> 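This is the structure I have questions about; it appears just below.
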Amino acid sequence: MNKINVVEIDKKWQTFWFNKKNSFKNTDKNKKFYCLEMFPYPSGKIHMGHVRNYAIGDVIARYKMMKGFNVLHPMGWDSFGLPAENAARENNLNPSDWTKKNISTMKHQLQLLGLSIDWDLEISTCDEEYYKHQQELFIDFFNKGLVIRKETYVNWDPVEKTVLANEQVIDGRGWRSNALVERKKLYQWFFNISKFADELLKDLETLKEWPEKVKLMQKNWIGKSLGCEINFKVWNKDVDIKVFTTRPDTIFGATFLAVSVDHPICKKLENSEDFIKFKKKCSQVGTTEEAIANAEKIGFKTNLMAQHPFIKQKKIPVYVANFILMDYGTGAIFGCPAHDQRDFDFAKKYKLEIIPVVKPEDTTDTEINGAYTGDGKIINSDFLNNFSVSKAKEKIVSEIEKKKIGKKRITFRLKDWGVSRQRYWGCPIPMIHLNNGDVVPVDKSELPIKLPKDIDLNYKGNPLDNHPTWKKTKYKKTGESAIRETDTLDTFVDSSWYFIRFCSPRLSSKPFDEKSFSYWMPVDQYIGGVEHAILHLLYSRFFMRAIKFCNNKVKVKEPFKGLFTQGMVCHETYKDKEGKWLSPDEIQKTKEGFASKIDGSKVKVGPSEAMSKSKKNIVDPESMIKIYGADAVRWFILSDSPPDRDVQWSTEGVSAAHKFIQRIWNLNNKILDKKDEKSDTGDEKKFLTKFNEYLFKISDLIENFHLNVAIAKIYEITSLFEDNLTKKLSNKTLLESQAKFIKIIMPFAPHLSYECLSKLEGKNFYEEIQWPKGSKSLLKDQEITLVVQVNGKKRGLIVTKKDLSEKEALIEAKKIENIKKNLKDKKIVKNIFVKNKIINFITT
RNA sequence: GCCCUCGUGGUGAAAUGGUAGACACAAAGGACUUAAAAUCCUUGCCCGCAAGGGAGUGCCAGUUCGAGUCUGGCCGAGGGCACCA
């Protein structure tokens, strides 16, 4: 048997595509398609997650090219970030060198996959030619008031004297120093994303091709809530505490006030030693929402009492509490323990009064074990009694407004986007600090503000700040000396507009050319990991709006028309007898299970988890490609699971994919070698009808991302062809159909397809390869199977032509022996008939 | 803690409210072969020689002629939580 040499054909066609430069540009300019996969962080080598992401994208890109679209399919590198700095420090090299080396390795590896990427458009965010435009955008945003400077908390490592990323804080301690991490306030730069909060929320509705779950996550993240501000008078003092609540209906259940430690009224407590201690304790909780939510709720009782606005004689204590955040609402709440779990926990701890004011409709239970947050009838609430929750809300808000002690207010959970990072390997923020305290942008002619090459990363603190000369500069307008901003930008900024840069990646004069922008944007299909569902996608949506805000030639609001989020690649985990992780290469199969290759001892097989270095459950794509070929690797990763779910990598699976590649190759050869014979029109028609049906089905499946099902159908087509080799089909029919079939496989396994097609059609590919056209009229000749049920249970089947009438169907159904048996001695009460689907006899 | 998603054979999975398990992996049996590899065929819960019948999609209710699919409650697993990317 003629064996396919996958390594050889991989190389052959990759060279062919490379020389052709993927220039599929002779297509219809009026039909554009921008296909984009999330660009990778150059961490060293590509991993299976990348393979999956880019295999999915390549199917879509190639399919659209074959459909005649002018396709933009670029690739770049998200090349600023923390790992480069860490690696550089460990190996004593420059982050730039480390990054460049990784990019070159990974680019080579990606090319081994045979992707239809136009490498002429390659960009890298750490490239001066990229980040100078980002600095320009920053200045534009600043001039339009979209950049602000304010104080926030960071994780501070007191030993390293650096700001730590959340992932660098382990159990409240710095990952290197092991010192207890403190919260520290710093002045930082922010993008005013909250300005667009309402718009970002509302426009989610226009994103028809986004997964519902991603939209829901963004909606909850933005967190619009309708509530109300209420002023509480402080007893015997001339101050008010303004609280924000989404549950004004529970005002009669209010038994305390709680304010954030950063609330202005706390200023007066600064001279109390107890308060300082309390504040210190609060600062030991991390800055993540998770840490704050899980931290024990603690409070500091002030000597202030607040006057309840609706109960004359009632005074309630004012606490400072660690779970109240200054940047949400007003930084103060009223606590209603009966109907808020956090308030409940707090009240239990400090033995505060708990007054139920909402009674659930369906219980008589009087014992309170926790907060009740559902609907019900209002009780213990004076004029609100007997109202429902929603009615009570309306009533109380109008009452509050009438009394002028507060007003309706909409709040968003979404905070402004902090973009300052006290790190070296990022885009320098193009601002300078003048002697008089003003902070101004640099002149655009001075861009790019380049990172210095000579940097000492072993020095404690902010590297740019510690550089001997870099920050010293002059203000161009006046010539006075000035100090550069030494913070760099969050790497999310880099990835918030790279898809725009791809429209005109070599343009030096400005970030993008408006003409190419309006041709290509928005991205028609964006593909990437679901872990980016909120931040990256939301920031990109903000950036698009901010750019539009600064440039009236930009008409696009939403950067990504279609979004697809793929699942992770998982693998079983293995541990040796000492509980140490083993990689799949370090084990071998035995009769009982698996054993270590090193000492032959038994291996414990653990659950399949996302591939990660720490668990060593990694399979290297490059070595897989070398053994099985690019097509088999792509094929397997697409075939085994729906693309939006996790997939389990298995050696058996990729080996099976390889066998299938061989099977198609064999089929192709059998058809080429077959002697012509007299055809039977009946056989031919049957074959062509069935194949035609598959053709429509597969287009549909690809367009809806059901790539695993599309592959299952391709297996079925293969069997169809193999079965028909022994039937009476003309060679013309077989060869023509096979060529169509090979084209269907092309987006998935392009190397194999080009090789087969070059044999079938015996020509070189100077023209575009078109997706095969199906016949609508042939679709009408399909056979369908009608299910016959008695009382909802399947009792028979009718194989028949399409669109059989109810009358005919019932006659046919009653002819079936088993149906006769089941209807015997019974009276038919009702017939259910669904065309091309089902007959259901309902009997007495 | 909060938000989101997912639970179907030994495994990955398929199924516009209409035949549950397509397709594939693994396993068992068989064919070819001196043998192995490769390839191909068959089987796949329970009763039955078969025809056929029964149970069955995490658990408990409900809607429907009909529920894996819709509704409510529960249990379990995974993702995100603003300085990892």
Side-chain angles (χ1 to χ4, degrees), chain A residues 1 3 38 40-41 43 78 80-83 154-155 163-169 188 193 211-214 216-217 219-221 223 287-295 297 323 341-342 345 413-423 490-492 494-495 529-536 538-539 565 567-568 570 607-610 636 639-642 644-648 650-653 655-657 659-660 662-663 666 706 708-709 711-716 719 722 785-789 791-797 817-818 821 829-832 834 836-842:
Chain A
M1 198 184 291
K3 280 237 166 173
M38 290 180 184
Y41 177 79
S43 53
D78 187 13
F80 271 138
L82 208 47
V154 292
N155 297 310
V163 177
L164 298 178
N166 286 330
E167 68 160 11
Q168 297 174 317
V169 181
Q188 308 212 70
I193 188 170
E212 284 305 321
K213 66 166 177 178
V214 174
L216 192 59
M217 277 196 254
K219 185 182 165 217
N220 291 332
W221 188 259
T287 55
T288 66
E289 196 169 271
E290 187 189 5
I292 294 163
N294 284 331
K297 283 158 197 60
F323 61 97
Q341 191 57 45
R342 286 171 309 180
D345 297 343
R413 206 185 74 100
L414 182 68
K415 296 187 281 194
D416 278 332
W417 173 14
V419 293
S420 278
R421 297 292 181 271
Q422 295 69 39
R423 303 188 207 293
D490 176 9
T491 55
F492 272 124
D494 310 338
S495 55
V530 68
E531 65 274 17
H532 293 291
I534 296 173
L535 294 181
H536 164 58
L538 193 65
Y539 291 155
T565 53
M568 291 178 305
C570 301
S608 188
E609 294 182 56
F636 168 67
S639 68
D640 220 37
S641 289
D644 54 353
R645 257 200 258 173
D646 289 354
V647 64
Q648 260 194 77
S650 83
T651 316
E652 290 82 10
S655 145
K659 282 177 195 166
F660 180 74
Q662 178 69 46
R663 192 172 153 203
N666 294 345
H706 298 140
N708 58 325
V709 189
I711 285 179
K713 296 295 164 199
I714 290 174
Y715 278 106
E716 288 180 21
S719 298
E722 284 166 349
T785 306
L786 209 53
V787 180
V788 187
Q789 297 184 335
N791 293 325
K793 292 225 179 247
K794 182 187 84 175
R795 300 296 178 195
L797 298 172
E817 271 315 309
N818 199 35
K821 205 174 95 190
V829 190
K830 200 171 160 189
N831 299 315
I832 308 275
V834 182
N836 297 330
K837 286 265 154 67
I838 204 162
I839 299 166
N840 190 3
F841 295 107
I842 312 300

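Keep in mind it's a predicted model, so treat the numbers as computed, not measured. The sequence lines fix the lettering, A, B, ..., with proteins before strands; numbering per chain opens at 1.
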> Please report the distance, rounded to the nearest Å, between CZ in A:R645 and P in B:G12.
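So the two atoms are 10 Å apart, to the nearest Å.
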> Syn or anti for B:G9, given that syn means the glycosidic angle lies within 90° of 0?
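Nucleotide B:G9 adopts syn.
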> Given atom NZ of A:K794 and atom C1' of B:G18, what is their separation to the nearest angstrom?
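It is 12 Å, rounded to the nearest whole Å.
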> Determine whether a donor-acceptor pair (N or O, by modelled atom type, separation under 3.5 Å) exists between the side chain of A:D646 and the backbone of A:M568.
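Yes: the side chain of A:D646 pairs with the backbone of A:M568.
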> Touch check for A:P40, heavy atoms < 4.0 angstrom, all strands: base, sugar-phosphate only, or nothing?
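No contact.
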> Would you indicate what A:K213 reaches in the nucleic acid, counting non-hydrogen atoms under 4.0 angstrom: base, sugar-phosphate, or nothing?
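It contacts sugar-phosphate atoms only.
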> Assign A:V154 to base, sugar-phosphate, or nothing according to its heavy-atom contacts below 4.0 angstrom with the strands shown.
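The residue A:V154 makes base contact.
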> Name the nucleic acid region contacted by A:F492, choosing base, sugar-phosphate or nothing; use a 4.0 angstrom heavy-atom cut-off, strictly under.
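Contact class for A:F492: base.
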> How do A:E289 and A:E652 order along RNA chain B: which one's closest nucleotide is nearer the 5' end?
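This one resolves to A:E652.
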> Please report, rounded to the nearest Å, how far the C1' atom of B:C3 is from the CG atom of A:L535.
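Going from CG in A:L535 over to C1' in B:C3 covers 13 Å.
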> Roughly how far apart, to the nearest Å, are B:C59 and B:A14 at atom C1'?
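Here B:C59 and B:A14 have their C1' atoms 24 Å from each other.
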> Rounded to the nearest Å, what distance is computed from the CZ atom of residue A:F660 to the C1' atom of nucleotide B:A38?
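So the two atoms are 18 Å apart, to the nearest Å.
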> With the threshold set at 4.0 Å, does a side-chain nitrogen-carboxylate oxygen contact exist between A:E289 and A:R413?
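Salt bridge: yes.
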> Can you tell me the distance, in whole Å, between the NZ atom of A:K3 and the C1' atom of B:A37?
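Computing the A:K3:NZ to B:A37:C1' distance gives 9 Å.
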> So which nucleotide from B:C84, B:G78, B:G53 ends up closest to the side chain of A:R795?
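Within the option list, the nearest is B:G53.
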> Should B:C70 form a Watson-Crick or G-U wobble pair with both distances under 3.5 Å, which nucleotide is its partner?
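Partner of B:C70: B:G62.
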> Can you say whether the rings of A:Y715 and A:F660 are parallel (under 30°), tilted (30 to 60°) or perpendicular (over 60°)?
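Plane angle between 30° and 60°, so tilted.
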> Tell me which nucleotide, if any, is Watson-Crick or G-U wobble paired with B:A51 when both distances must be under 3.5 Å.
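Base partner found: none.
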> Sticking with atom C1', work out how far B:U39 lies from B:C32, rounded to a whole angstrom.
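Comparing C1' positions in B:U39 and B:C32 gives a spacing of 9 Å.
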> Using the C1' atoms only, state how far B:U57 lies from B:A15, rounded to an integer number of Å.
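So the two C1' atoms sit 11 Å from each other.
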> Does A:S420 reach a base, just sugar-phosphate, or nothing at all? Heavy atoms under 4.0 Å.
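The residue A:S420 makes base contact.
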> So which nucleotide does B:C81 pair with, by the Watson-Crick or G-U wobble rule with both distances under 3.5 Å?
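With both distances under 3.5 Å, B:C81 matches B:G1.
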> At 4.0 Å (heavy atoms only), tell me whether A:I832 reaches a base, stays on the sugar-phosphate, or touches nothing.
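Touches a base.
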> Relative to the 5' end of RNA chain B, which residue comes earlier, A:S641 or A:K713, by the nucleotide with the nearest heavy atom?
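Nearest nucleotide further toward 5': that of A:S641.
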> Which base, if any, makes a Watson-Crick or G-U wobble pair with B:U33, both distances under 3.5 Å?
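With both distances under 3.5 Å required, B:U33 matches none.
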> Touch check for A:H706, heavy atoms < 4.0 angstrom, all strands: base, sugar-phosphate only, or nothing?
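Contact class for A:H706: none.
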> Using purine N1 to pyrimidine N3 plus N6-O4 or O6-N4 for Watson-Crick, or N1-O2 and O6-N3 for G-U wobble, both under 3.5 Å, which nucleotide pairs with B:G12?
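Across any shown strand, B:G12 pairs with B:C23.
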